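One structure is given here, and the rest of the page talks about it.
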Amino acid sequence: MAQPVATQATPAAPAVPARQRQQGGFGQTVTGIIRMAVMWYFAMKFFSPKKPADPSQLMSNLFQKGEPLDMWLYLSDQQIFNDFGNDGALLWHETNIPYAVWGQGSSRSLSLQYTPSEALKHNGSLYAHVFFAHSGYPPDPNDSEYQPRYAFSRTHPVVVYYPKSKSGKRRSLLNSKQSEEDILDLEVKDDIQPDSKDEGGVEWISYWKPNITINLVDDFNRYSYNAIPPNVAGYLNIDLTTKNYYPTIYFNEFWLLREKLIPLNDTVKELPLHLEVGPISSTKWQFFLQIEQSFQIHRSYGSMVEGEADQLKRVFLEGNPYLLVVTMVVSVLHSLFDFLAFKNDIQFWNKNKSMEGLSAKSVVVSFISQLIVFLYLFDNDTSWMILASSGIGCCIEFWKIGKAMHIEIDRSGRIPMLRFRDRESYSKNKTKEYDDIAMKYLSYVLFFLAACFSIYSLMYEQHKSWYSWILSSLTSCVYMFGFIMMCPQLFINYKMKSVAHLPWRQMTYKFLNTIIDDLFAFVIKMPTLHRLSVFRDDVIFLIYLYQRWIYPVDKARVNEFGFGGEEDKSLVNGSANEADSNATDENIKKTN
C-alpha cells in the first residue's frame with residue numbers, strides 16, 4: 001500500500017512521473033481487489049446459508065416413540081453407582097413406562113419418608129441414580145442379559161449446599177450477657193450441624209431436596225454430530241458405537257423453591273421425599289434451560305441476587321393467570337411512567353427559575369432519605385445494579401438542592417465546608433415562613449416516631465453492629481414515616497390557596513405508578529405492614545388532587561419557567577401594538 005506523503009509549506013515538492021503514478025494506481029487497485037476478496041470470503045463463511053448436513057453425520061434417537069421402559073432409582077453416597085445387588089439402595093422401581101407417550105400410564109409418582117444416615121447428617125453427600133432400560137433387560141452391566149444398546153442412566157445430587165445466612169451473626173446490642181449467650185447458642189448449633197463447611201471463611205449448610213422429578217424428554221430431532229446446540233450438548237448421552245443418542249433424562253427442579261429445602265442436622269429423624277417420573281416436551285425442556293441460564297447470567301453480572309428468581313417463580317405458582325397477564329402489561333406501563341416521571345422531574349428543576357410556592361426543605365430531606373437508603377443497601381450487600389440506581393438517585397437529589405438553594409464552598413477554615421443559602425424567590429415571600437412552620441411541627445412528629453421505633457428495634461431486634469442498628473432504624477423510619485415529609489407542600493398550598501407552582505406532569509406519572517404499586521402489593525408476597533405502607537402515598541396524592549380542584553388557577557402567578565400569564569398577555573399586546581405602529585409608518589411613507 002502506498003505510504004501517505006507529508007505536505008510541507010516550503011519548498012514545493014517535485015512533480016511525480018506519470019509512470020510512477022500509474023504504478024501506484026495499479027497497486028492500489030490490486031490491494032482493493034484483495035480486500036474485497038477477503039471480505040467476500042468471511043461474509044460467505046459466516047452469513048451464507050448453511051448446506052444441509054450429510055445424513056451419515058446426523059444423530060438420531062436410539063429409542064422409538066411408545067417403546068416400553070423399566071425404571072430403577074437408587075440412592076447412594078457414591079457418585080458412581082455399581083452396587084446393583086444392594087436391595088437397600090433400591091428406592092423405587094417401575095415397569096412398562098411408555099416412552100414419549102402422553103397419558104395416565106406415562107406418569108408415575110411415589111411419596112415416602114426417608115431415614116437419613118449419620119453420615120448424611122454430618123456433612124454427607126447423597127446421589128440419586130436413575131436407570132432406564134428396555135422392558136425385559138436389566139440395568140446391571142455385570143448381568144448376562146445386559147445390552148448396552150437398551151440401557152441408559154443419569155446421576156443427580158439429592159443434597160445441595162448453600163452459604164450460611166449472615167443473619168446468624170446478628171446479636172442483641174443492649175444486653176451484653178444475652179449477646180454472649182446467643183453467640184454460644186449459635187456456636188453450639190454450628191457444632192450440632194457439622195454439615196457446614198468452612199472454605200475461605202464462608203460457612204455452607206447442606207439442604208435436603210424433598211422433591212425429585214424425573215422427565216424423559218420427547219426429543220426425536222436429528223442433530224449434526226459436529227454442530228450440537230450448546231444448550232442441549234450437556235444433556236445428550238451419545239452411544240459411541242452407533243453415533244446416536246439415548247433418550248435425555250432431565251431432573252426437573254425448575255419449580256423447587258429454596259424455601260422448600262430442609263436443612264440437615266442431628267435433630268432430623270425422617271425426611272419427606274416425593275418422586276415423580278413423566279414425559280416433557282422438547283420445547284418446554286429447552287425453555288426451562290434457557291430461563292435457568294438467563295438467571296445464572298444475571299447473577300454473574302450482579303443484576304439478580306439470591307432469592308429473586310424464587311420470588312418470580314412464586315408469582316407464577318401462586319398467582320391467578322389472568323392477574324399475571326394484567327401484571328405483566330402493567331409492569332411495562334410502570335417502567336414507561338417511571339421514565340416519564342424522571343424526565344419531567346429533571347426538566348422541571350432544570351428550567352425552574354423561582355422557588356415561590358415550593359418547599360426547599362422537602363428537597364433537602366428527600367436527599368437525606370435517599371442517602372440513608374443507599375447506605376443501608378450498601379451495608380446489606382445488595383447487588384451492584386440496585387446500588388448504582390440508588391447512587392444515581394442520590395446524585396440527582398443533591399443536584400435538585402443546587403436548583404432549590406445556593407450552594408457555596410466556605411474555605412475560611414482548615415476543611416472546606418458546603419454552605420447553603422436560600423434563594424431570593426424563596427426567602428422574600430411567604431413561602432419560607434409557611435415552610436418553616438410546617439417543617440417545625442412535622443419534624444416533632446417524625447423525630448418522636450423515629451425515636452420510639454429505634455428504641456423498640458434496639459430492645460427486641462438483633463443487629464450486626466451499632467452502625468447497622470442506626471442505618472436500619474433510619475431506613476425503617478424513611479420507609480414507614482417518610483410520607484410525612486410530603487406534608488409541608490400541602491401546607492404551603494393551603495396557605496397560598498394555589499397549586500400552579502407544582503410540577504403536575506411529573507406528579508401525574510408518579511401517581512399512576514403509585515396505583516400500579518398498589519396492584520403489586522396484592523400480587524407479590526410481602527409483610528403485612530409493608531403492604532399497608534404502600535397505600536400511604538395514595539392519601540397524599542388524593543389530597544393534592546383535591547387542592548387542585550378547589551383552588552382556581554392564578555394565571556398571574558409565575559410558573560415553573562419564570563413566566564406568568566399576565567406577562568405573556570402584556571407581551572402579546574405590546575407586540576401587536578408595535579406591529580400596528582410599524583404598519584402605520586409604512587403606509588405614511590408610501591403616501592408621501
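The figures that follow rest on heavy atoms only: side chains count, while hydrogens, waters and symmetry mates do not. Please read all numbers here as calculations on a predicted model, not as lab measurements.
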Please confirm whether the backbone N or O of [Y] pairs with a side-chain atom of [X], one donor and one acceptor, at under 3.5 Å?
| X | Y | value |
| --- | --- | --- |
| R154 | T248 | no |
| K313 | F254 | yes |
| S106 | V101 | yes |
| S457 | F453 | no |
| R149 | L62 | yes |
| N61 | F63 | yes |

Q: Any chance you could lay out the side-chain contact (heavy atoms from CB on, under 4.5 Å) test for E276 and S107, step after step, and finish with the verdict?
A: CA-CA 7 Å; E276 186 176 353; S107 299; 5.5 Å; no
Below 4.5 Å, heavy atoms only, C-beta onward: do [X] and [Y] meet side chain to side chain?
| X | Y | answer |
| --- | --- | --- |
| L261 | Y162 | yes |
| I262 | P272 | yes |
| Y245 | Y235 | no |
| K260 | N211 | no |
| D266 | E118 | yes |
| L120 | V268 | no |
| L91 | L112 | yes |
| R108 | M71 | no |

If I compare all heavy atoms of [X] with all of [Y], which pair ends up nearest, and what's the gap?
| X | Y | result |
| --- | --- | --- |
| N86 | Y74 | O-CE2, 4.4 Å |
| G393 | Q370 | C-CG, 3.8 Å |
| P263 | I205 | CB-CG2, 4.5 Å |
| W469 | S454 | NE1-O, 3.2 Å |
| T155 | F251 | C-CE1, 4.4 Å |
| F131 | P139 | CB-CB, 3.8 Å |

Working to the nearest 0.5 Å, report the span between [atom1] of [X] and [atom2] of [Y].
| X | Y | atom1 | atom2 | result |
| --- | --- | --- | --- | --- |
| I470 | L375 | CD1 | CG | 11.5 Å |
| L273 | L271 | CG | CG | 8.5 Å |
| K284 | N252 | NZ | CG | 7.5 Å |
| L75 | F81 | CG | CZ | 9.0 Å |
| L216 | I280 | CG | CD1 | 10.0 Å |
| N237 | N244 | CG | CG | 12.0 Å |

Q. Under 6.0 Å between ring centres, would you say that holds for W208 and Y114?
A. yes
Q: Please confirm whether F132 and Y99 have ring centers closer than 6.0 angstrom.
A: no
Donor-acceptor pair between [X] and [Y] side chains, under 3.5 angstrom:
| X | Y | value |
| --- | --- | --- |
| D219 | Y250 | no |
| Q147 | H134 | no |
| D70 | S135 | yes |

Q: May I ask you to decide if the ring planes of Y456 and Y460 are parallel, tilted or perpendicular, using 30° and 60° as cut-offs?
A: tilted
Q: Return yes when atom OH of Y146 has more than 12 non-hydrogen atoms of other residues, nucleotides or ligands closer than 6.0 Å, and no otherwise.
A: yes
Q.
Quick check on E145: does its CD atom have over 12 non-hydrogen neighbours (other residues, nucleotides or ligands) under 6.0 Å away?
A. no
Q: Go through the steps to decide whether H129 and S153 satisfy the test side-chain contact (heavy atoms from CB on, under 4.5 Å), and finish with yes or no.
A: CA-CA 7 Å; H129 306 274; S153 63; over 6 Å; no
Q. Given the rule in the side-chain contact (heavy atoms from CB on, under 4.5 Å) test, do Q64 and F220 qualify, once you have shown the distances and angles that lead to the verdict?
A. CA-CA 9 Å; Q64 300 298 323; F220 294 94; 5.6 Å; no
Q.
Determine whether N221 and M59 satisfy the following criterion, side-chain contact (heavy atoms from CB on, under 4.5 Å), listing intermediate values before the conclusion.
A. CA-CA 8 Å; N221 293 318; M59 297 185 302; over 6 Å; no
